[in-house]
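Numbers restart at 1 for each chain; the letters A, B, ... are given by sequence-line order, proteins then strands.
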Amino acid sequence: MKRESTLSSNIKWAFCRINWAAYRASMMICLILLICPAVMRAQDGTLPEGQRYRHPLFNGLSVSFNAFPPALTLFGKGYASFEGMATVDLHHRFFPQFSAGVGYCDHESANEVRYQTDPAPFFKAGMAYNFKYNDENGDDFYGAFLRVGYAHSESEVSNLYYTDGYWEPQGPISIDDMKSNSCWLELGGFIKVKVASHLSLGWDASFRPFLHKGSTPSGHPYFVPGYGPTTTSFGFAFHIYYDLKD
Amino acid sequence: MHITTKHIQHLLVLASLVMTFALSSCGNNGCEETRETFLYTVIRPTGGLSITSVNAWGLTQKSDSLMLTLGSPKELEFILRPDSTATDIRLQMMVSDNGDMYQFDDTLHVTYHTNPYFIDMECGCSMFFTIDDVTVTNHLFKNVVLQNKEITNEERVNIVLEY
């Protein structure tokens with residue numbers, strides 16, 4: 001059984017746990033509030049008898065770029081993932097998605113520990129579901145998605161110090177060659193809003209549990225390309241879409 | 001102003017954004033996993049003697065300092081030197097034998113290699129060890145059994161000292 005270390009860190013940790021619990025609850029409420037009216041309205045379509053879908057099977061393709069992680073670098077974050085995504089629109093209801101990108105990290109903590117991850121690729125695949133698939137105005141919609149992500153990364157940590165309270169403190173210590181294979185799920189909700197003829201904006205929030213975190217004999221990864229810092233299970237994205245559609 | 005579903009959507013998106021930004025750094029705080037690593041040692045009697053107290057010193061070339069002192073111990077937690085591949089620990093035991101008290105001194109010798117282990121940015125690293133060999137002098141102790149050679153930040157018995 002792993003033991004807690006100091007009282008102060010425990011209190012800080014507990015405080016954050018409380019905050020995150022509230023955050024999770026509010027996010028769930030947001031998603032439910034968003035989804036419920038959409039589900040109800042989805043049944044309101046006035047389609048001719050025998051027609052199940054308003055939109056054809058292949059209803060277009062869109063490509064998008066997640067601008068949220070690069071934007072965070074403007075606020076001093078030492079890491080980012082650049083992600084492009086292709087989404088196919090099937091009946092305006094199902095949206096198979098595939099995304100790929102590159103992530104890197106060169107981050108220094110307040111106690112001057114430095115974590116560096118070389119630029120490394122990541123991939124995600126999944127499906128989004130639109131609850132407003134038969135709405136007459138199909139340009140603005142929202143729904144839920146499930147994706148699975150994979151990344152391989154090589155990292156090193158430097159400027160670590162170790163003290164056990166008895167022997168002489170050790171440091172600075174460097175740990176090189178931390179090779180991680182990480183796999184995770186992304187389960188969340190999204191909104192997509194059309195702003196111009198072929199241009200849409202989208203927001204999504206997700207819960208991202210690790211299927212395999214990629215811990216090595218030398219430690220846990222702090223940063224995973226396409227996931228971000230592993231200290232939080234929640235993700236947020238802001239997509240700029242270009243819709244390839246007539 | 002008439003509030004529509006669209007207004008509620010925008011408010012919720014805005015609220016989600018604010019919460020995400022406000023709490024984005026919170027997960028970095030707090031140290032969930034301990035950095036401390038110990039050589040977990042169980043003391044097992046095989047005869048009629050019983051140890052009433054133990055003092056332990058970590059031996060260095062410069063000086064010795066008290067590592068732990070315990071009364072009627074069954075388990076001990078020793079700290080290995082992170083800057084070396086061997087640690088000598090002097091053990092001083094008070095033993096009771098049918099009401100008579102005796103003092104014994106033994107030395108535990110552990111050889112190992114170290115493995116720094118990164119925990120997270122806030123907590124830094126721990127030092128794990130892999131035991132290569134362990135011996136003990138036989139003034140009181142008869143034998144030492146290596147049960148688990150990996151010393152991590154999890155509580156698992158590493159060695160058993162029999163007396």
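- Side-chain atoms of A/Asp164 do not come within 3.5 Å of backbone N or O of B/Ile79 as any donor-acceptor pair.
- Considering only heavy atoms from C-beta on, A/Thr163 comes within 4.5 Å of B/Arg35 through its side chain.
- Side-chain rings of A/Tyr115 and B/Phe118 approach one another, their centers coming within less than 6.0 Å.
- Neither the backbone nor the side chain of A/Ser174 comes within contact range of chain B; no heavy atoms are under 4.5 Å apart.
- Here B/Ser84 contributes atom OG and A/Gln170 contributes atom CD; the two are 9.5 Å apart, rounded to the nearest 0.5 Å.
- With a 4.5 Å cut-off on side-chain heavy atoms, A/His220 and B/Glu33 count as touching.
- Only the side chain of B/Thr87 comes within contact range of chain A, with at least one heavy atom under 4.5 Å from a heavy atom of that chain.
- Between B/Pro116 and A/Leu160, the closest side-chain pair of non-hydrogen atoms is not below 4.5 Å.
- The distance from atom CD of A/Glu112 to atom CE of B/Met121, rounded to the nearest 0.5 Å, is 11.0 Å.
- Here the side chain of A/Trp167 pairs no donor or acceptor atom with the backbone of B/Asp83 at under 3.5 angstrom.
- Between B/Tyr117 and A/Ser218, every side-chain heavy-atom pair lies at or beyond the 4.5 Å cut-off.
- Here the side chain of A/Tyr166 pairs a donor or acceptor atom with the backbone of B/Gly58 at under 3.5 angstrom.
- For A/Tyr161, the part lying under 4.5 angstrom from a heavy atom of chain B is the backbone only.
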Margin query: Apply side-chain contact (heavy atoms from CB on, under 4.5 Å) to residues B/Met127 and A/Ile173 and explain how you reach the verdict.
Written below: CA-CA 10 Å; B/Met127 190 66 77; A/Ile173 298 168; 3.9 Å; yes
